[in-house]
Amino acid sequence: MTVDPSRIVDGRVDILSLTPEELCDFFLSLNQPKYRATQMFPQLARGVSFAEMTNLPKDLRAMLEERCLFTLPQVEKKLVSQIDGTVKYLFRLYDGACIESVLMRYEHGNSLCISSQVGCRMGCRFCASTIGGKVRDLLPSELLGQIIAAQKDSGERVSNIVMMGIGEPLDNFDNVVRFLQLVNRKEGLCIGYRHISLSTCGLADRIRDLAAIDLPITLSISLHAPTDEQRSAIMPVNRRYPLEALFAACRDYYKTTGRRISFEYTLIAGKNDSEADARALADCLTHAFAGTGAPLHVNLIRVNEVEGTGFVRGTKESVNAFAAYLSKRGIVATVRRRLGADVNAACGQLRRSAAEGKAEV
Ligand code: SAH
């Protein structure tokens, strides 16, 4: 069989992870005409099962069932916000692992926040996703599968993707890049790169690798602190890639792609939300990007309190004051609206509750 070994999962071809060209080769290796691949790629992207592909001969469908792995994430639990219609999915994958995706409804269309790994090994102290460590990377098919499953379940099109769910996308680099290229295919889900944003805790080397591929996606950096001392205390990744290394990679990313970078800043009461912190943040960003022409954009969010972390959510006034200070310094600051507050929409919390066997979340 002419399928790249990295596309074989548990002895079966992970068919949804194949590009149209690879799908052609696969069909040729089965002595099937190429046009079958052209027919099938869009069907797979819509989540049509082999059994439903009535345009295929029965024996071919049976052969595909046997040789391929093609299961979409199953809805294990679904919570719908009464406030804003946000839907939080707990999906079960082919091997029983669970991940979360969140469907958010905006005027400009539906956005799906997807997970990139089962668990996470980055260890950010405030984050629920990292508590049990990393279990495994998601396959390109499982990244696509979250979108396909959410579209099937909601009956609505997903037009924007944010990679801000469970996991560190740049720690699953190859699968994530393959996913980005697949989701963009016009024969498939056809989601434009400009409608995709990827959030990272700051793996500087991988940021450069991403720049080298030069996809016009939006990059978000989870910054969360203005000094190395403060950042290392809440984000272990900062010991490997301190602020200067991270900013240097961001400058390269901007230089290569010309894409605006946004910085995520989670406000934690008493830790990083004072006026002195706002000043330190404005100073470090202004200094790091001086002369580059890069527009500076900071997204502020009040921390979601995760049991056991001890981090406390500050007041609305504190976040507004923080935003006002940054604006005064010429930095665009937006306060992120909290969607799905009643469905525990913050990342990782539903999966944890399920893992701990709690009846309700
Ligand atoms: N690993 C990636 C993407 C996943 S987390 C990253 O670190 O960017 C998505 C965003 O939610 C990140 O900015 C992350 O720092 C933030 N986040 C995680 N836990 C949070 C919490 N309890 N409250 C507020 N933001 C949180």
Side-chain angles (χ1 to χ4, degrees), residues 83-84 86 102 104 113 120 122-131 162-166 168 197 199-202 218-238 242-243 246-247 250 260-289 295-349 352:
I83 306 169
D84 50 41
T86 296
V102 183
M104 294 162 289
C113 175
C120 184
M122 295 297 125
C124 300
R125 304 263 183 267
F126 44 82
C127 181
S129 304
T130 200
I131 293 171
V162 285
M163 303 198 77
M164 275 205 183
I166 297 168
E168 166 51 46
S197 54
S199 178
T200 176
C201 64
T218 303
L219 186 64
S220 291
I221 306 289
S222 297
L223 195 59
H224 305 326
T227 63
D228 278 323
E229 197 190 347
Q230 284 166 293
R231 193 162 190 266
S232 293
I234 53 172
M235 299 179 72
V237 68
N238 195 68
L243 286 174
L246 174 59
F247 289 143
C250 291
R260 182 193 84 174
I261 298 177
S262 63
F263 295 92
E264 305 288 318
Y265 193 99
T266 295
L267 291 154
I268 305 170
K271 290 266 180 214
N272 63 1
D273 67 340
S274 68
E275 181 167 336
D277 293 318
R279 192 178 322 120
L281 179 63
D283 288 347
C284 84
L285 286 176
T286 314
H287 179 255
F289 293 93
L296 296 174
H297 182 217
V298 176
N299 225 326
L300 298 170
I301 176 170
R302 283 187 292 157
V303 74
N304 289 303
E305 294 176 6
V306 173
E307 215 180 299
T309 61
F311 292 134
V312 179
R313 202 172 157 79
T315 60
K316 268 191 185 148
E317 291 68 38
S318 67
V319 65
N320 289 338
F322 205 94
Y325 180 85
L326 294 179
S327 303
K328 208 167 69 188
R329 293 281 303 269
I331 296 172
V332 178
T334 47
V335 178
R336 189 159 356 130
R337 200 155 57 94
R338 193 177 181 216
L339 290 179
D342 55 337
V343 293
N344 208 354
C347 71
Q349 307 205 32
R352 289 253 21 104

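All heavy atoms count here, side chains included; hydrogens, waters and symmetry mates do not. The first residue of the sequence shown is numbered 1, and numbering continues consecutively from there.
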Can a donor-acceptor pair be found between the side chains of [X] and [Y] at a distance below 3.5 Å?
X      : Y      : result
Glu264 : Ser199 : no
Ser220 : Ser197 : no
Gln230 : Asn238 : no

Atom of [X], atom of [Y] and distance for their closest heavy-atom approach:
X      : Y      : answer
Ile166 : Ser129 : CG1-OG, 3.6 Å
Met104 : Cys113 : CE-CB, 3.8 Å
Pro295 : Arg260 : CG-CG, 3.9 Å
Leu326 : Ala278 : CD2-O, 3.8 Å

For [X] and [Y], indicate whether the former's side chain and the latter's backbone hold a donor-acceptor pair under 3.5 Å.
X      : Y      : result
Thr309 : Val306 : yes
Glu168 : Cys201 : yes
Arg231 : Ala225 : no
Ser327 : Ala323 : yes
Ser232 : Glu229 : no

Exercise for review: Given side-chain contact (heavy atoms from CB on, under 4.5 Å), test Thr286 with Ile331 step by step and report yes or no.
Suggested key: CA-CA 8 Å; Thr286 314; Ile331 296 172; 4.2 Å; yes
Practice item. Show the numbers, then the answer: is there a side-chain contact (heavy atoms from CB on, under 4.5 Å) between Glu275 and Tyr325? Key: CA-CA 8 Å; Glu275 181 167 336; Tyr325 180 85; 4.0 Å; yes
Any chance you could measure [X], atom [atom1], to [Y], atom [atom2], to the nearest 0.5 Å?
X      : Y      : atom1 : atom2 : result
Leu267 : Arg336 : CG    : CZ    : 11.5 Å
Thr315 : Asn320 : OG1   : CG    : 8.5 Å
Asn304 : Cys127 : CG    : SG    : 10.0 Å
Cys284 : Leu223 : SG    : CG    : 6.0 Å
Met235 : Leu246 : CE    : CG    : 8.5 Å
Arg313 : Asp273 : CZ    : CG    : 12.0 Å

Review point. Of the options Asn299, Asn272, Ile221, Ile301, which is the one that meets Tyr265 in a side-chain contact (heavy atoms from CB on, under 4.5 Å)?
Key: Asn272
Exercise for review: Would you check, one step at a time, whether the test side-chain contact (heavy atoms from CB on, under 4.5 Å) holds for Thr266 with Arg302?
Suggested key: CA-CA 5 Å; Thr266 295; Arg302 283 187 292 157; over 6 Å; no
Point to revise | Leu281 side chain reached by Phe322 side chain, heavy atoms, under 4.5 Å | key: yes
**Study point:** Criterion side-chain contact (heavy atoms from CB on, under 4.5 Å) on Val102 and Thr86, from CA distance to verdict
**Key:** CA-CA 7 Å; Val102 183; Thr86 296; 3.4 Å; yes
Review point. When the aromatic ring centroids of His224 and Phe126 are compared, is their separation below 6.0 Å?
Key: yes
Exercise for review: Could you give me the CA-CA distance, side-chain angles and deciding distance for Asp277 and Lys271, then say whether salt bridge (Lys or Arg N to Asp or Glu O under 4.0 Å) is met?
Suggested key: CA-CA 9 Å; Asp277 293 318; Lys271 290 266 180 214; over 6 Å; no
